[in-house]
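For the numbers below, each heavy atom of this structure counts, side chains included, while hydrogens, waters and symmetry mates do not. Please read all numbers here as calculations on a predicted model, not as lab measurements. The residues of the chain are indexed from 1 along the displayed sequence.
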Amino acid sequence: GKAQTIAITEEGIPYCWGRNQEGQLGILGATQIDIPQKMTAMEGRFITMSACGDNHSLILTRFGEVFSFGQDESGKLGRTQMTEGEALSELKREFQPRMIPNLEKVYYIACGSGQSIALCDSGTQGVTNVNTWGR
């Protein structure tokens, strides 16, 4: 990412370091992490891929679930609809990874500076569903 890194071990454990002012490391309570730190919010899940944008990040599990966190400018976290009781200001930054709903069979994720993408297996040979968020 612009100022953050998320690395995945062979055991599927994510470690992150770098800037975290917008929550892009998925760790509460720290604005900067200089030494790789285990992402405890993802414990118990086998992570296969990570992607980092300017101020947001994505994590992909072996079951095809995608979690997003960081700055939600232009809806790049994939969760633009507010749930009951949430205010718009609460959705601007996500310091904890949250699953993006309504995605199935995701096999690839990527982030740009202000956008996110997830490629999903459609079930039809040679056909991929493409999901994008942000600008």
Side-chain angles (χ1 to χ4, degrees):
K2 184 176 180 180
Q4 80 273 21
T5 301
I6 301 174
I8 312 298
T9 67
E10 289 180 0
E11 295 80 23
I13 301 168
Y15 283 81
C16 57
W17 62 97
R19 189 175 153 232
N20 192 44
Q21 284 91 340
E22 306 294 333
Q24 63 266 48
L25 293 179
I27 294 177
L28 287 168
T31 57
Q32 177 75 29
I33 297 174
D34 296 321
I35 298 169
Q37 183 175 329
K38 188 181 199 180
M39 189 184 290
T40 57
M42 298 308 293
E43 278 189 278
R45 298 181 188 273
F46 192 98
I47 306 305
T48 59
M49 182 180 276
S50 66
C52 298
D54 278 2
N55 294 307
H56 74 295
S57 303
L58 301 176
I59 292 279
L60 176 65
T61 73
R62 74 169 145 196
F63 297 115
E65 303 162 312
V66 179
F67 290 78
S68 61
F69 41 97
Q71 186 186 68
D72 193 22
E73 178 186 22
S74 302
K76 63 188 172 187
L77 296 184
R79 295 184 314 269
T80 57
Q81 290 188 345
M82 292 182 289
T83 60
E84 189 175 332
E86 285 183 312
L88 184 58
S89 62
E90 293 177 89
L91 294 177
K92 290 293 183 190
R93 292 185 183 127
E94 290 286 345
F95 284 86
Q96 291 281 72
R98 288 178 50 194
M99 189 169 17
I100 299 174
N102 304 318
L103 289 178
E104 294 182 2
K105 301 179 183 177
V106 177
Y107 64 87
Y108 184 83
I109 55 174
C111 293
S113 62
Q115 64 276 355
S116 302
I117 186 170
L119 301 182
C120 305
D121 182 354
S122 70
T124 303
Q125 186 174 0
V127 177
T128 297
N129 291 332
V130 179
N131 297 275
T132 61
W133 311 274
R135 52 177 164 78

K.L.:
Drop me the distance from Ser122's OG to Lys105's NZ, to the nearest 0.5 angstrom.
P.N.:
8.0 Å
K.L.:
If I take atom CD from residue Gln21 and atom CZ from residue Phe95, how far apart are they, to the nearest 0.5 angstrom?
P.N.:
8.5 Å
K.L.:
CZ of Phe69 to CD of Gln96: how many Å apart, nearest 0.5 Å?
P.N.:
9.5 Å
K.L.:
Within this structure, what is the CD-NZ distance for the pair Glu73 and Lys92, rounded to the nearest 0.5 Å?
P.N.:
7.5 Å
K.L.:
Taking a hydrophobic cluster as the set of Ile, Leu, Val, Met, Phe, Trp and Tyr residues connected by side-chain heavy atoms closer than 4.5 Å, whether directly or through intermediates, do Ile8 and Met99 fall within one such cluster?
P.N.:
yes
K.L.:
Same hydrophobic cluster for Phe67 and Ile6, using side-chain heavy-atom links shorter than 4.5 Å among ILVMFWY?
P.N.:
yes
K.L.:
Working to the nearest 0.5 Å, report the span between CZ of Arg79 and CG of Asn102.
P.N.:
12.5 Å
K.L.:
Please name the pair of heavy atoms, one in Gly53 and one in Cys111, separated by the smallest distance, quoted to 0.1 Å.
P.N.:
N-CB, 3.4 Å
K.L.:
For Ser57 and Gln24, indicate whether the former's side chain and the latter's backbone hold a donor-acceptor pair under 3.5 Å.
P.N.:
yes
K.L.:
Once salt bridge (charged side-chain N to carboxylate O under 4.0 Å, His left out) is applied, what residue pairs with a partner in residues 55-65 remain, sequence neighbours excluded?
P.N.:
Arg45-Glu65
K.L.:
Check Gln4 against Cys52 and note the closest heavy-atom contact, atom names and distance.
P.N.:
NE2-CB, 3.6 Å
K.L.:
Apply the side-chain hydrogen bond (donor to acceptor under 3.5 Å, both in side chains) test between Asn55 and each candidate in Lys76, Arg19, Arg93; give the one that qualifies.
P.N.:
Arg19
K.L.:
Tell me if a side-chain donor or acceptor on Asn129 pairs with a main-chain N or O of Cys120 at a distance below 3.5 Å.
P.N.:
no
K.L.:
Which atom pairs, one a donor and one an acceptor, fall under 3.5 Å between side chains of residues 32-43 and the rest of the protein, sequence neighbours left out?
P.N.:
residue: Gln32; atom: NE2; partner: Asp34; partner atom: OD1; Å: 3.1

K.L.:
Any side-chain heavy-atom pair from His56 and Leu77 closer than 4.5 angstrom?
P.N.:
yes
K.L.:
Would you check if Thr61 and Ile47 make a side-chain contact, meaning some heavy-atom pair closer than 4.5 Å?
P.N.:
yes
K.L.:
Running the 4.5 Å side-chain criterion over Ile, Leu, Val, Met, Phe, Trp and Tyr, what cluster does Ile109 land in, apart from itself?
P.N.:
Met49, Leu58, Leu60, Val66, Ile100, Leu103, Val106, Tyr107, Tyr108, Ile117, Leu119, Val130, Trp133
